[in-house]
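Here the structure is laid out as structure tokens; the discussion comes afterwards.
Counting starts at 1 for both ligands and their atoms, in listed order. Since we're looking at a predicted model, the values are computed, not measured.
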Amino acid sequence: MSFFSTRGGACVTASQSILWGLAKDGGLYVPSMYPQLSQERLAALCGASYQEQAARILRDFLEDYSIAEIEEAVNAAYNEKSFDDPAIVPLKTLQDNTHVLELFHGPTLAFKDVALNLLPHLVSLAAKKNDEHREISILVATSGDTGKAALEGFKDCPGTSCSVFFPHGGVSKMQELQMVTTGGSNTHVIGVKGNFDDAQTGVKKLFGSPEFHEKMNAAGKLPSSANSINFGRLVPQVVYYFTAYMRLVEIGNIRMGQNVNFVVPTGNFGDILAGYYAKRMGLPIGKLICASNRNNVLTDFFSDGVYYTHRTFFQTMSPSMDILISSNLERLLYEVADRDANLVKEWMAQLNSPVGSFSIGAQRLQQIKQTFWADYADDNMTSAEIKRVYDRCGYVLDPHTAVASYVLKNYREQTGDMTPTVILATASPYKFSENVVRSLLGDDAIQGLDAFQCAERLQEISGVPIPRQISELSTLPVRHKTVCEVADMEETLLEQLK
Ligand SMILES: *Cc1c(COP(=O)(O)O)cnc(C)c1O
């Protein structure tokens, strides 16, 4: 299988797409086709371990990696040292046909660990395969969770460095502490005086700048991406849609072949796109429900087919979804355009023009709506949902997952579709203790409490022990203190990488 750019031209191998991250024309790499899983192969995934399922899904996409390489990488990424649950992604049932897939049992307590624990192994192998001897300099823009997950994944990984830009003041206290206390000799963390889109646009500009590449090359470095624009981030996420489905078959909630819906708290559109890929591979998925917070640019897009970015950016209690430019949507647009790269290029040019919008037209919108449904929850709705689910089920949702849960409730009320549904739980509530405790007990309950005291309150309420990754943050020294203006990102980075 080869990989194309959504904007045309490129035809590269899997390992090249992973090594380079973004195509030279600014497009995203997409697989030339979707591997098809026959009924027999689907059935064979049932009862298999997470590691086995991952190896089987990955090898269809990563054709220039050997099966032994993939198995080794998978076992190194997913084990009892890196994940605190032997199932890796345990499935919990809230009510008869509502389930939660807990994707937050990795080193940084967010779903991004699933991909970012594997990616460094894939990148190292890719460097070898392509005879690349420069240092692989991973550049990341983060809305909160990617940064820490990438730092942990690449920390002290030979032949690499990892530099993270985060919106200064735009992430939760715990998220910031997690990043700025990171150890390792090859990690850099830089606060940007702007929002996530500023940071992401800044990093994309670097990738698109020949001068920057020249400077890096002169320093013996090859810039690469660990954001979900990298195909190597996407493909590990395809796996857990299969895992969730098989788990439902195993517990007798569905029979093989029956449709399941997924509701996904969405920002950059990577997680839900992985679900779309799973569906294209033959997994029986009914609807993919796209849940946004108040930054509801995707809700509008799925409603009228117009993507419009000139709007107010809101900081919400689900910061990892505070995004107005959803990069991975481009991969869906490529399919919607019947793989016409010129059309995608045109839409992207319109998006980047002063108009700041494009329209896909009524017919294409109709086609998307057969698979996708979208809605959003603002912070008040999110808070109320955290409390509602706790009161009903005794289960504490983090704010991102609560957005998804709220949207599912709306979906069912509006459509009457009671298909068994999996909510992807993307973060541990402990990463957002203040907002979660406030939602459960009210404003007064957190008066005067710091983030760690809130975590203790949350432990009393939920009965789930505080993860070590949270409690240790109160004693770890802050190692990264650099903050820069948006305009100075390149200079600051080059200084750090010296
Ligand atoms: C990154 C993130 C999301 C959004 O995922 P995308 O792949 O960017 O759509 C949702 N929830 C949490 C907790 C995240 O960290």
Side-chain angles (χ1 to χ4, degrees), residues 28 89 100-116 119 140-153 164 166-167 170-172 174-176 178-179 196-197 199-200 225-238 240-241 262-277 288-293 295-299 301-302 316-332 372 374 376-377 382 386 397-407 423-432 435-436:
L28 309 190
V89 293
V100 175
L101 187 68
E102 293 186 347
L103 300 172
F104 53 75
H105 288 271
T108 78
L109 309 174
F111 90 95
K112 295 186 173 76
D113 287 324
V114 177
L116 282 162
L119 185 67
V140 177
T142 185
S143 55
D145 291 326
T146 307
K148 180 60 175 177
L151 289 163
E152 282 305 310
V164 169
F166 74 92
V171 300
S172 86
M174 290 298 185
Q175 287 178 313
E176 175 165 350
Q178 278 187 306
M179 287 190 276
F196 170 70
D197 285 319
Q200 174 161 264
S225 168
N227 277 108
S228 55
I229 50 176
N230 190 318
F231 185 76
R233 270 285 303 278
L234 213 58
V235 61
Q237 297 176 358
V238 175
Y240 49 68
Y241 285 88
F262 286 86
V263 48
V264 188
T266 297
N268 229 353
F269 208 73
D271 207 5
I272 194 166
L273 186 80
Y276 174 78
Y277 279 24
L288 289 163
I289 301 168
C290 175
S292 302
N293 65 24
N295 296 292
N296 55 358
V297 58
L298 286 167
T299 313
F301 172 72
F302 283 111
T316 72
M317 62 193 270
S318 45
S320 300
M321 295 153 66
D322 289 348
I323 293 175
L324 292 181
I325 302 168
S326 272
S327 295
N328 270 297
L329 187 68
E330 186 168 338
R331 287 187 163 109
L332 179 67
F372 290 91
Y376 78 100
T382 307
I386 292 173
L397 301 167
D398 100 283
H400 303 76
T401 312
V403 167
S405 178
Y406 179 88
V407 167
I423 300 171
L424 297 194
T426 48
S428 158
Y430 279 109
K431 290 189 93 159
F432 309 95
N435 277 321
V436 172

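- Applying the side chain to side chain contact (heavy atoms under 4.5 Å, CB included) rule to Ser172 yields the partners Met174, Gln175, Phe432; only residues at least two apart in sequence or on another chain are considered.
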I'd like to know whether Glu102 forms a side chain to side chain contact (heavy atoms under 4.5 Å, CB included) with Val89, so could you lay out the CA-CA distance, the side-chain angles of the two residues, the decisive distance to 0.1 Å, and finally the verdict.
CA-CA 5 Å; Glu102 293 186 347; Val89 293; over 6 Å; no
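- Each of Phe111, Lys112, Asp145, Pro265, Thr266, Gly267, Asn268, Phe269, Gly270, Asp271, Ser320, Met321, His400, Thr426, Ala427 has a non-hydrogen atom positioned under 4.0 Å from some atom of ligand 1.
- There is a side-chain donor-acceptor pair under 3.5 Å between Arg331 and Asn328.
- Looking only at atom types and distance, the side chain of Asn230 has no donor-acceptor partner in the side chain of Ser225 under 3.5 Å away.
- By the salt bridge (Lys or Arg N to Asp or Glu O under 4.0 Å) test, Asp322 is found to be paired with no residue, residues two or more places apart in sequence or in another chain being considered.
- Among residues two or more places apart in sequence or in another chain, the salt bridge (Lys or Arg N to Asp or Glu O under 4.0 Å) test is passed with Lys112 by none.
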